[in-house]
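Notes to accompany the following structure.
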Amino acid sequence: MKEKELIEGALRGDERASRLLFERYSPMLMGVCQRYCRTQAEAEDVLQDAFIRLFAKLPKYGFQGSFAGWARRLTVNVALKTYQRKRYQLEQTGLDNIPEGSGAPTAYADLGEKELLEMVQALPDGYRLVFNLYAIEGYSHKEIGDMLNIQEASSRSQLLKARKVLQRQIEIRQRIAI
């Protein structure tokens with residue numbers, strides 16, 4: 001079935017179309033969830049919440065623009081709302097809980113998607129959210145500030161710190177591999 005047929009079927013309440021829509025978009029949206037969540041279980045919960053919200057808001061989609069882009073933005077918003085509900089008090093500014101060189105040592109050139117995802121997931125929440133919103137999703141610092149209810153300068157600072165932490169982790173992995 002084509003995307004439009006799946007969406008129209010889901011709007012009519014066709015369970016098969018809804019299931020096929022889920023199966024088609026869940027891998028992409030799970031990738032989004034994994035970037036914003038600490039654990040696989042949390043990512044699965046956010047994905048489930050995102051699809052519940054997606055199906056509830058499907059009548060508002062209106063076939064304007066890319067459905068994948070619409071679903072991605074909705075999923076990011078669900079992940080951010082989940083973060084705000086479960087805000088980790090200990091990680092507002094500190095780096096205490098970042099593991100040093102977790103996983104098997106690999107050289108920079110061999111750094112895979114899984115290792116990079118683990119490094120991003122290990123970032124403190126503020127750093128991780130700003131990094132994902134800016135570097136992956138393409139939001140401006142002003143938009144990020146509005147979304148997270150922080151100053152634009154704080155968004156810039158969090159991004160800089162996230163990049164430094166990631167660079168440090170990559171350098172450590174590179175040194176271990178050499």
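Every heavy atom of this structure was used, including side-chain atoms; hydrogens, water molecules and symmetry mates were not.
- T75 places a side-chain N or O within donor-acceptor distance of the main-chain N or O of A71, the cut-off being under 3.5 Å.
- Of the inter-residue distances, the one linking I144 atom CD1 with S154 atom OG reads 11.5 Å to the nearest 0.5 angstrom.
- Side-chain atoms of R72 do not come within 3.5 Å of backbone N or O of V32 as any donor-acceptor pair.
- Q40 CD: more than 12 foreign heavy atoms inside a 6.0 Å radius.
- Listed for the Q48 side chain is no donor-acceptor partner under 3.5 Å among the backbone atoms of D45.
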Stepwise side-chain contact (heavy atoms from CB on, under 4.5 Å) test for S155 and L148: CA-CA 9 Å; S155 175; L148 300 178; over 6 Å; no
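- Both L133 and L116 belong to a single network of hydrophobic side chains, linked directly or stepwise wherever heavy atoms of I, L, V, M, F, W or Y lie under 4.5 Å apart.
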side-chain contact (heavy atoms from CB on, under 4.5 Å) assessment of M147 paired with N77: CA-CA 9 Å; M147 292 169 114; N77 288 334; 3.7 Å; yes
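- Here the straight-line distance linking atom NZ of K161 with atom CZ of R156 works out to 14.5 Å at 0.5 Å rounding.
- Counting non-hydrogen atoms of neighbouring residues, nucleotides and ligands closer than 6.0 angstrom, the OH atom of Y134 reaches no more than 12 such neighbours.
- With values rounded to the nearest 0.5 angstrom, H141 atom NE2 is found 11.0 Å from E143 atom CD.
- Between R35 and E137, at least one side-chain nitrogen of the basic residue sits less than 4.0 Å from a carboxylate oxygen of the acidic one, meeting the salt-bridge criterion.
- Salt-bridge annotation for D125 and R38: present, with a side-chain N of the basic residue lying under 4.0 Å from a carboxylate O of the acidic one.
- Residues passing the side chain to side chain contact (heavy atoms under 4.5 Å, CB included) test with E23, sequence neighbours excluded: R19, L20.
- Here the shortest heavy-atom pairing between V46 and C37 reads CG2-SG, 3.6 Å.
- Across Y25 and A68, no two heavy atoms sit closer than the pair CE2-CB, 3.9 Å.
- In this structure the side chain of R73 reaches within 4.5 angstrom of the side chain of Y139, judged on heavy atoms.
- When the side chains of ILVMFWY residues are joined at heavy-atom separations under 4.5 Å, either directly or via intervening members, L11 and F22 end up in a single hydrophobic cluster.
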Derivation of the side-chain contact (heavy atoms from CB on, under 4.5 Å) call for L58 and F67: CA-CA 10 Å; L58 199 55; F67 179 75; 3.6 Å; yes
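- One distance of note links CD of Q167 with CE of M119; it measures 10.0 Å at 0.5 Å rounding.
- Judged by distance alone, the side chain of N132 and the main-chain N or O of R128 form a donor-acceptor pair under 3.5 Å.
- Contact between A43 and M30 at its shortest, heavy atoms only, is CB-SD, 3.9 Å.
- Sparse packing is recorded around CZ of R16, with 12 or fewer heavy atoms of other residues, nucleotides or ligands lying under 6.0 Å away.
- When the side chains of ILVMFWY residues are joined at heavy-atom separations under 4.5 Å, either directly or via intervening members, I170 and L117 end up in two distinct hydrophobic clusters.
- Below 30°, between 30° and 60°, or above 60°: for W70 and Y61 the angle between ring planes is between 30° and 60°, a tilted geometry.
- In plain terms, the two heavy atoms of L6 and A17 that are nearest each other are O-CB, 3.6 Å.
- Distance check, rounded to the nearest 0.5 Å: CG of N149 to CG of L80 gives 12.0 Å.
- Here the closest non-hydrogen pair linking F55 and A10 is CE2-CB, 4.2 Å.
- Side chain of S157 to backbone of A153: no donor-acceptor contact under 3.5 angstrom is found.
- A salt bridge is defined here as a Lys NZ or Arg NE, NH1 or NH2 lying under 4.0 Å from an Asp or Glu carboxylate O, and D49 with R53 fails to meet this definition.
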Trace of the side-chain contact (heavy atoms from CB on, under 4.5 Å) decision for L159 with Y127: CA-CA 6 Å; L159 177 64; Y127 297 3; over 6 Å; no
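- Taking CD of Q151 as the start and CD of Q158 as the end, the distance is 12.5 Å to the nearest 0.5 Å.
- The backbone N or O of E5 sits nowhere less than 3.5 Å from a side-chain atom of E8 that would complete a donor-acceptor pair.
- Within the 4.5 Å cutoff, side-chain heavy atoms of L166 are placed close to those of F131.
- Checking side-chain atoms of E152 against main-chain N and O of G145 turns up no donor-acceptor pair under 3.5 Å.
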